[in-house]
Amino acid sequence: MGRGKIAIRRIENQTTRQVTFSKRRAGLLKKTHELSVLCDAQIGLIIFSSTGKLCQYCSEGLRMEQIIERYQKMTGTCIPDHDSREQLYGELAMLRKESRRLHSNMRRYTGEDMSSIPFGELDAVEQELERAVNKVRHRKIELLHQQLENLRRKERMLEEENSNMYLWARIQEHRAALGYQQAAIEAKPVEHQQVLDPFQFCGEPSSVLQLSNITHQIDPYHLQLAQPSLQGSSV
């Protein structure tokens, strides 16, 4: 069976792409050399890999520069070999002239060397400065409004936070008061129980011994009968 036809499209896997590049580059260089030797052709081959690595081939007896020079002459794209210093000097002179002009304009706006400026240009400079000042003032007012709005927003946030803290404190106080009242209510039955604990009986006494114990328990609380006073009565 023959090999299947490979679709010509970019190989996504990097390792596979590098292996394929190496194999096909070697094959291309081999075919180029064979063509150059068999047909006495002058060939110049330049290859750049995806990683920027250079690979080239040139027919024997020639250099790559000769092949490129011949190609430029044949296609009319040959770059004339001449000294470009005059062009560089011209560009440098233009840049210096532009720099002096910009420096002179900057000195006008800073109020320096005003004696050489005519009246018409002074009027134009004054108008430009007034427009610049108006823009600066407008921007300054915008920034002040933004700062004022930020301060107001912070003030509202602090007031809301203060209100929440005050509400939380009142809730805690209310809970503490309820807890104190609940504790007081729970403590009252305990006091009554402590008073009734010495009288530990229910119903009628079942024995003389229990009655005796009850008598001893009640004895501290017995009542004394008051005797009538005879001092104020007649015999």
Indicate yes or no for a side-chain donor-acceptor contact from [X] to the backbone of [Y] under 3.5 Å, with no hydrogens or angles considered.
| X | Y | result |
| --- | --- | --- |
| T75 | Y71 | yes |
| N162 | L158 | no |
| T32 | L28 | yes |

Check [X] against [Y] and note the closest heavy-atom contact, atom names and distance.
| X | Y | result |
| --- | --- | --- |
| S36 | S59 | OG-OG, 3.1 Å |
| E12 | R17 | O-NH1, 3.3 Å |
| C55 | L29 | SG-CD1, 3.9 Å |

Check [Y] with [X], please: is the shortest side-chain N to carboxylate O separation under 4.0 Å?
| X | Y | value |
| --- | --- | --- |
| K73 | E69 | yes |
| R152 | E155 | no |
| R101 | E98 | yes |

Check: [Y] and [X] side chains under 4.5 Å, non-hydrogen atoms:
| X | Y | answer |
| --- | --- | --- |
| Q66 | C58 | no |
| R96 | R100 | yes |
| F48 | K53 | no |
| I47 | F21 | yes |

Practice prompt. Evaluate the side chain to side chain contact (heavy atoms under 4.5 Å, CB included) criterion for residues S50 and Q18: first the C-alpha distance (whole Å), next the side-chain angles of each, then the deciding distance (0.1 Å), finally the verdict.
Written response: CA-CA 9 Å; S50 59; Q18 286 295 112; 3.5 Å; yes
Count the heavy atoms of every other residue, nucleotide or ligand shown that sit under 6.0 Å from [atom1] of [X], and state whether that count exceeds 12.
| X | atom1 | answer |
| --- | --- | --- |
| Q172 | CD | yes |
| E60 | CD | no |
| Q14 | CD | no |

Worksheet item: With a 3.5 Å cut-off and no angle check, do the side chains of R153 and N150 form a donor-acceptor pair?
Response: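 Yes.
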Discussion item. Can a side-chain donor-acceptor contact be found between E142 and H138 if the only test is distance below 3.5 angstrom?
Written reply: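 The criterion, which ignores hydrogens and geometry beyond distance, is satisfied for E142 and H138.
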Practice prompt. List the steps and the verdict of side chain to side chain contact (heavy atoms under 4.5 Å, CB included) for I68 and E65.
Written response: CA-CA 5 Å; I68 295 174; E65 292 80 4; 5.8 Å; no
Item to complete: Under the side-chain contact (heavy atoms from CB on, under 4.5 Å) rule, collect the residues that match up with R70, sequence neighbours excluded.
Response: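 Testing R70 for side-chain contact (heavy atoms from CB on, under 4.5 Å), a comparison that skips the adjacent residues, returns Q42, M74.
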Atom [atom1] of [X] and atom [atom2] of [Y]: how far apart are they, to the nearest 0.5 Å?
| X | Y | atom1 | atom2 | result |
| --- | --- | --- | --- | --- |
| L144 | R139 | CG | CZ | 10.5 Å |
| Q182 | R175 | CD | CZ | 15.0 Å |
| I141 | Q146 | CD1 | CD | 12.5 Å |
| L38 | H33 | CG | NE2 | 8.5 Å |

Item to complete: Quick one: do K30 and E34 satisfy side chain to side chain contact (heavy atoms under 4.5 Å, CB included)? Show the steps, please.
Response: CA-CA 6 Å; K30 181 180 178 182; E34 292 176 355; 3.4 Å; yes
Worksheet item: If Ile, Leu, Val, Met, Phe, Trp and Tyr residues are connected whenever their side-chain heavy atoms lie under 4.5 Å apart, and connections chain through other members, are M64 and L54 in the same group?
Response: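 Same cluster.
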Item to complete: Would you mind telling me which of I43, L35, V37 makes a side-chain contact (heavy atoms from CB on, under 4.5 Å) with C39?
Response: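 Going through the options one by one, the only one that passes is L35.
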